[in-house]
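Quantities reported herein were computed from a predicted structural model and do not represent experimental measurements. Here is the naming used below: chain letters follow the sequence lines, and residue numbers restart at 1 for every chain.
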Number of protein chains: 2
Amino acid sequence: MARNRPYTCGLDAAIDVVGGKWKATVLWTLEDQGPLRFGELRRRVPGVTEKMLIQQLRELEADGLVHREIFHQVPPKVEYSLTDYGRTLEVALRPLGDWGHANMARIEATHP
Amino acid sequence: MARNRPYTCGLDAAIDVVGGKWKATVLWTLEDQGPLRFGELRRRVPGVTEKMLIQQLRELEADGLVHREIFHQVPPKVEYSLTDYGRTLEVALRPLGDWGHANMARIEATHP
DNA sequence: CAGCATCCTCACCGATACTG
DNA sequence: CAGTATCGGTGAGGATGCTG
């Protein structure tokens with residue numbers, strides 16, 4: 001998304017990966033609630049549309065952060081989970097998540 | 001930017017604050033190189049336009065993360081620095097920055 | 001030097017409808 | 001159930017020019 005290459009610091013690169021509108025929530029949900037199939041994930045990310053969820057998942061998958069497992073059944077079943085690489089990102093994200101949690105009231109106040 | 005209120009996790013809120021295209025770089029630069037005046041900051045954030053730098057700075061200031069000190073001189077001088085609150089965010093961002101730094105090659109590879 | 005004011009573009013995202 | 005396809009609005013972001 002951000003697209004200021006070459007990156008001037010690691011932060012740019014990281015934000016580029018996780019800055020999508022729903023990516024943070026998706027990563028957090030997958031970490032928090034284990035592997036989930038598409039419909040379950042959709043229900044746990046309130047407000048997201050099918051199109052956006054799929055798009056964000058595909059990008060996360062292309063970045064190697066999310067694993068997509070297809071079960072050839074009827075009806076179809078696809079399960080999403082974090083990869084090891086994705087888990088390293090989740091760990092790196094945790095302090096930021098804590099910060100946001102701790103300052104949420106302030107953030108909501110100053111943000112239109 | 002992200003605008004999925006109410007936030008489902010602290011991460012959403014944090015990304016909302018720091019997800020702007022140049023905000024991460026600005027915060028990182030201000031932390032790394034002490035207080036800077038506008039022109040200096042501009043030179044240290046390659047590729048940013050005046051308009052965008054000002055806009056991002058104003059938002060960071062409104063969020064209480066950046067302090068703007070005006071020196072009434074001719075020629076004018078304005079100095080930007082992190083607030084204490086801003087420094088807490090910088091600390092929370094450090095692991096993410098390290099992650100991005102460590103995986104930069106991989107990120108650049110998979111990102112169009 | 002440090003900004004503000006405009007105009008404009010494009011990709012981000014939402015809504016809707018259809019399919020294997 | 002888990003997608004794909006298409007259309008269109010909107011606003012972030014860029015280019016340019018002017019000012020205190």
Would you kindly compare B:G39 and A:E59 by the position of their nearest DNA chain C nucleotide and give the one closer to the 5′ end? B:G39
DNA chain C: 5'-proximal contact among A:P76 and A:M52 (nearest heavy atom): A:M52
If I take atom [atom1] in residue [X] and atom [atom2] in nucleotide [N], what distance separates them, rounded to the nearest angstrom?
{"X": "B:Q55", "N": "D:dG11", "atom1": "CD", "atom2": "P", "value": "13 Å"}
{"X": "B:L41", "N": "C:dG3", "atom1": "CG", "atom2": "P", "value": "10 Å"}
{"X": "A:Q73", "N": "D:dA2", "atom1": "CD", "atom2": "P", "value": "10 Å"}
{"X": "B:W22", "N": "D:dG14", "atom1": "CH2", "atom2": "P", "value": "6 Å"}
{"X": "B:R42", "N": "C:dG3", "atom1": "CZ", "atom2": "P", "value": "12 Å"}
{"X": "B:D16", "N": "D:dA12", "atom1": "CG", "atom2": "P", "value": "11 Å"}
{"X": "A:K23", "N": "C:dC12", "atom1": "NZ", "atom2": "C1'", "value": "12 Å"}
{"X": "A:L53", "N": "D:dC1", "atom1": "CG", "atom2": "P", "value": "15 Å"}

Least distance between heavy atoms, [X] atom then [Y] atom:
{"X": "A:I107", "Y": "B:A14", "result": "CD1-N, 4.5 Å"}
{"X": "A:L53", "Y": "A:V48", "result": "N-CG2, 3.8 Å"}
{"X": "A:T110", "Y": "B:A62", "result": "CG2-O, 3.7 Å"}
{"X": "A:R68", "Y": "A:V78", "result": "CG-CG1, 3.7 Å"}
{"X": "B:K21", "Y": "B:Q56", "result": "N-OE1, 3.8 Å"}
{"X": "B:A24", "Y": "A:I15", "result": "CB-CG1, 4.1 Å"}

Can you list the residues that meet the side-chain contact (heavy atoms from CB on, under 4.5 Å) rule with A:R87, with sequence neighbours excluded? A:E31, A:L82, A:D84
Mind grabbing the angle between the end helix axes of the helix from C:dC1-D:dG20 to C:dG20-D:dC1? Five pairs an end, 10° rounding. 50°
Quick one: is D:dC1 close enough that its OP1 or OP2 comes under 4.0 Å of any side-chain N or O from A:R37? no
For A:Q56 and C:dC12, is the shortest distance between a side-chain N/O and OP1 or OP2 below 4.0 Å? no
Atom pairs, protein N/O to nucleotides 3-7 of chain D N/O, distance under 3.5 Å:
| unit_1 | atom_1 | unit_2 | atom_2 | d |
| --- | --- | --- | --- | --- |
| D:dG3 | OP1 | A:R58 | NH2 | 3.1 |
| D:dG3 | OP1 | A:R68 | NH2 | 2.6 |
| D:dG3 | OP2 | A:Y80 | OH | 2.7 |
| D:dG3 | N7 | A:E50 | OE1 | 2.8 |
| D:dG3 | O6 | A:E50 | OE1 | 3.3 |
| D:dT4 | OP1 | A:R58 | NH1 | 3.4 |
| D:dT4 | OP2 | A:R58 | NH1 | 3.2 |

Look at the aromatic rings of A:W99 and B:Y85 and report parallel, tilted or perpendicular, splitting at 30° and 60°. parallel
Could you check which of C:dG14, D:dG13, C:dC1 has an atom nearest any side-chain atom of B:P75? C:dC1
Euclidean distance, B:I54 CD1 relative to B:K51 NZ, rounded to 0.5 Å: 10.5 Å
